[in-house]
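The structure appears below as structure tokens.
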Amino acid sequence: MDSIRVTLTDGKSVEIRRGSQINELASALGVNGDVIAAKVNRQLVDLSRALEEDCSIEWVSRESADGLDVLRHSTAHLMAQAVQSLFPGTQVTIGPTIEDGFYYDFKREQPFTPEEIEKIEARMEELAKANLKVTREEMPKSRAIELFRKLGENYKVAIIEEIPEETVSLYRQGEWVDLCRGPHVPSTGVLKAFKITTVAGAYWRGDEKNEMLQRLYGTSWPDKAKLKEHLRLLEEAQKRDHRKLGRELDLFSFHPVAPASPFFHPKGAIVYNQLISYVRSLYVRYAYEEVITPQILDVELWHRSGHYDHYRDSMYFTEVDERQFGVKPMNCPGHTLIYSSRKRSYRDLPLRMADFGRLHRYERSGVTAGLTRVRSFSQDDAHIFCAPDQIESEISSLIKMLREVYRTFQFGDMQVKLSTRPKDFIGDVEIWEKAEAALGQALSKERIDYQVNPGDGAFYGPKIDFVVLDALRRGWQLATMQLDFFLPERFELVYTSAGGTDERPVMIHRALLGSIERFMGILIEHCAGAFPLWIAPVQVRILTVTDDHKDYAKRIFEELRNAGWRVELDGRNEKLGYKIREAQLAKIPYALIIGEKEVQAQTVAPRRRGGENFPPLGVAEFIQKLRSEVAQEKGAA
RNA sequence: GCUGGCGUAGCUCAACGGCAGAGCAGCUGAUUUGUAAUCAGCAGGUUGUAGGUUCAAGUCCUAUCGCCAGCUCCA
């Protein structure tokens, strides 16, 4: 008998008939029903795949990352099948998986209405219940093209024509067929928990010159409970939406007269300024020097910096005295002018120049959003002018600084990407390679796992991007460290070396928080508007029980205010429960209850946001408590 | 910029093409209250803006501004 040997993940191996299907092996071994695919020699395949050679096999359950991917991809197919059965004439294009879900792009003249989406979901349920077998079939490209041409699927034909291999694979479920690499679940009954989430337009192949398709987004999970949890998280994210909280907490607003440009109200301005003064405090320790530079500069400068050629569409211009000026979208050109305001020596380097200057960038109307994408903002921006051999230590120190920042704001893990030399680049290959090596070494030295994106750097230098995960496990790119060989060249920056020769410095563009506006938006969502004590616009609110306690409460209020705390007095003629509720909803860290007992004992009774009550204590002790809490939050350096 | 959706009181939301409404917030008064909402009254609007259709438009049509979900872009 012709048999082959299959090695399992536990190291055991079994002998089976050559050509038998994986699922036969699975049922023979009594493998868990959660298995929806397998990895044969580490390659993900269908359970219906026949085994022809000795191999290793690993079961892929629907709970695993690979399994979820298969599940979602199959759900995308299920959706496409539903759409085509309901709306004949609709063409399919592509339907990949994405984080937490999938989408499928369709060519159809009319957009999908909410009612139609409900119908599609209902049909998907039916098709899943029918438990249609999903089968794989391979055929030569020419036959596949013929098949899809007959079906009127012009996009699929275009896709197949671009596939280099001679054979392609098709998947069928019921009457429906789609071109797909696979693998897929064995039958549609495996799909139990899915939902179409949104509908949107999308261009064929992502190019806005191409025709627009209708994209349906969906999500799919191993079971209903997981789907529900996912939807709950989405809802939670909506509750934390900084645009909603910004209004509710009276932090900022927008007005049509200045699209995508926030107005920070008094409370929002406090948060904003707290962020800046926090970064300033780091600048003292990390030896930065802050500068202030003009808002509007002659276009001649922007020509020289290259911004006019490459970035003009994102800039604002104005004319005064028949001279053209550009509103600055970045601080760097201004900083090079300060650099070259006098002769620099190697002793001056590294020169770390920080600037909280206001920047203006025109962003197309469709891309702006709340605080996270605005047209007017400032950054915790700095430019480090250094010698090439100082790059590594500068990056190293930047990473330390970054770690400090993330600890303070309690962001979780970070993902790091190193982007290297693109095809179009300026400067010497040798300098590039040295610089990339320096960046990599600094990352390794700081024990940071990173991913290399080859060719993804800007033409003027390699860069490192840092993505942090917030409380809802959403990723945000905040910090970036960008090397620049180009601007020093353009502005002919030099320093005198120890040997007396003129040398060219390297510039490092870097930001930790990124734009303050954007960071504030992210922070609001990260902490759901409940800012840590040191940032909270109002840190303490004093609540009187009755009017009789107002005089004493006023004294406490003044004592706290004179000690520098942001404090409010709620002496309104309302019930205590009402005032507590309002203080809680305003997310104020501490409510101080002042009633008869406190007046008698000359104490205050603190209630922490969230409901925890502390035993009454004197004002001085309370201030001490606040101080130590802030010190702890900011983290001792 | 493109595709789609949405703009009604400060906020959240009602109103078959037929008299623009409610709750909360605000203001006034009563109540003097101990850990998440005391009661009553008053006020609040050119329904984003500009045109059009209609006897009649918040509702239908066109344009425009803004917002939202995506696409795209982020030297």
Side-chain angles (χ1 to χ4, degrees), chain A residues 98 103 105 108-114 117 197-217 234 238 241 243-244 247-248 250 253-261 302 305-315 329-330 332-333 361-370 373 422 424-426 457-461 463 465 477 480 482 484 486-487 490 509 515 543-550 571-586 591-599 605-614 616:
Chain A
I98 50 174
Y103 66 81
D105 285 346
R108 180 185 187 227
E109 288 317 315
Q110 310 88 331
F112 294 103
T113 64
I117 287 172
T197 47
T198 45
V199 53
Y203 301 96
W204 168 238
R205 295 194 160 141
D207 187 335
E208 62 186 294
K209 286 186 211 77
N210 289 337
E211 47 203 312
M212 182 152 280
L213 309 170
Q214 304 295 331
R215 175 173 296 180
L216 291 177
Y217 283 90
L234 288 184
Q238 249 171 36
D241 190 316
R243 292 167 295 202
K244 187 166 127 79
R247 190 172 50 236
E248 287 171 2
D250 198 18
S253 61
F254 288 89
H255 195 279
V257 296
S261 308
W302 304 112
S305 69
H307 284 87
Y308 195 87
D309 285 341
H310 297 284
Y311 205 68
R312 185 182 37 209
D313 290 347
S314 300
M315 289 179 64
M330 296 181 196
C332 24
R361 295 181 189 172
Y362 172 75
E363 299 276 5
R364 296 199 292 174
S365 61
V367 305
T368 59
R373 198 74 184 261
D424 286 323
F425 68 97
I426 66 131
F459 72 87
Y460 51 89
K463 66 169 176 179
D465 289 321
Q477 197 214 301
T480 170
Q482 168 79 61
D484 190 343
F486 179 70
L487 269 193
R490 275 276 171 133
H509 308 251
S515 123
L543 316 180
T544 52
V545 176
T546 77
D547 283 354
D548 294 342
H549 317 120
K550 252 174 141 169
R572 290 175 305 168
N573 173 12
E574 296 288 352
K575 292 172 91 165
L576 182 63
Y578 182 78
K579 295 185 188 180
I580 283 180
R581 178 183 152 81
E582 293 211 328
Q584 175 72 35
L585 291 177
L592 284 190
I593 318 302
I594 305 286
E596 197 50 37
K597 282 180 285 188
E598 287 72 27
V599 174
R607 177 192 190 274
R608 175 82 200 164
R609 167 179 63 197
E612 189 189 354
N613 288 299
F614 296 90

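Numbers restart at 1 for each chain; the letters A, B, ... are given by sequence-line order, proteins then strands.
Below the 3.5 angstrom threshold, one finds a donor paired with an acceptor across the side chain of A:E598 and the base of B:G34. A donor-acceptor contact under 3.5 Å links the side chain of A:Y203 to the base of B:C2. Residue side chain A:R581 does not reach the base of B:U35 through any donor-acceptor N/O pair under 3.5 Å, judged by distance alone.
B:G26 and B:A63 have their P atoms separated by 42 Å, given to the nearest Å. Rounded to whole Å, the C1' atom of B:U38 lies 43 Å from the corresponding atom of B:A57. Remark: the separation of the P atoms in B:U72 and B:G17 is 38 Å, to the nearest Å.
Considering only side-chain N and O atoms, A:R243 lies under 4.0 angstrom from the phosphate OP1 or OP2 of B:A69. The shortest distance between the side-chain N/O atoms of A:S365 and the OP1/OP2 oxygens of B:G1 is below 4.0 Å. Contact between the side-chain N/O atoms of A:Y217 and the OP1/OP2 oxygens of B:C71 is found at a separation under 4.0 Å.
Side chain of A:Y578, nearest nucleotide from B:A37, B:C71, B:G66: B:A37. In this structure, of B:A75, B:U72, B:C2, it is B:C2 that holds the atom nearest to the side chain of A:M212. Checking B:C71, B:A75, B:U32 against every side-chain atom of A:T546, the shortest atom distance belongs to B:U32. Side chain of A:R247, nearest nucleotide from B:A36, B:C11, B:U35: B:C11. Looking at the side chain of A:L487, the nearest of the listed nucleotides B:A36, B:U72, B:A75 is B:A75. The listed nucleotides are B:A75, B:C71, B:G34; the one nearest the side chain of A:A202 is B:C71. Listed nucleotides B:G34, B:U72, B:U38 differ in distance to A:R364; the shortest reach to its side chain belongs to B:U72.
Using a 4.0 Å heavy-atom cutoff across all strands shown, A:H255 reaches no nucleic acid atom at all. As judged by a 4.0 angstrom heavy-atom cut-off over every strand, A:E363 is placed among residues making no nucleic acid contact. Residue contacts shown for A:G577 are limited to sugar-phosphate atoms, with no base heavy atom under 4.0 Å away. Residue-level contact check: A:R373 touches the bases, meaning some heavy atom is under 4.0 Å from a base atom. Across all strands, A:E596 comes closer than 4.0 Å to base atoms (heavy-atom distances).
Note: CD (A:Q214) to C1' (B:G4) measures 7 Å, nearest angstrom. Distance A:K579 NZ to B:A25 C1': 18 Å, rounded to the nearest Å. The separation between A:H307 atom NE2 and B:C74 atom C1' is 12 Å, rounded to whole Å. If you measure from atom CG of A:D241 to atom P of B:C67, you get 14 Å, rounded to the nearest angstrom. Distance A:F254 CZ to B:G66 P: 13 Å, rounded to the nearest Å.
Judged purely by atom type and a 3.5 angstrom limit, A:Q482 uses its side chain to pair as donor or acceptor with the backbone of A:G461. Under the 3.5 Å distance criterion, the side-chain polar atoms of A:E598 are matched with a main-chain donor or acceptor of A:G595.
In this pair, A:W302 and A:H307 present their aromatic rings perpendicular. The plane angle is above 60°, beyond the 30 to 60° band.
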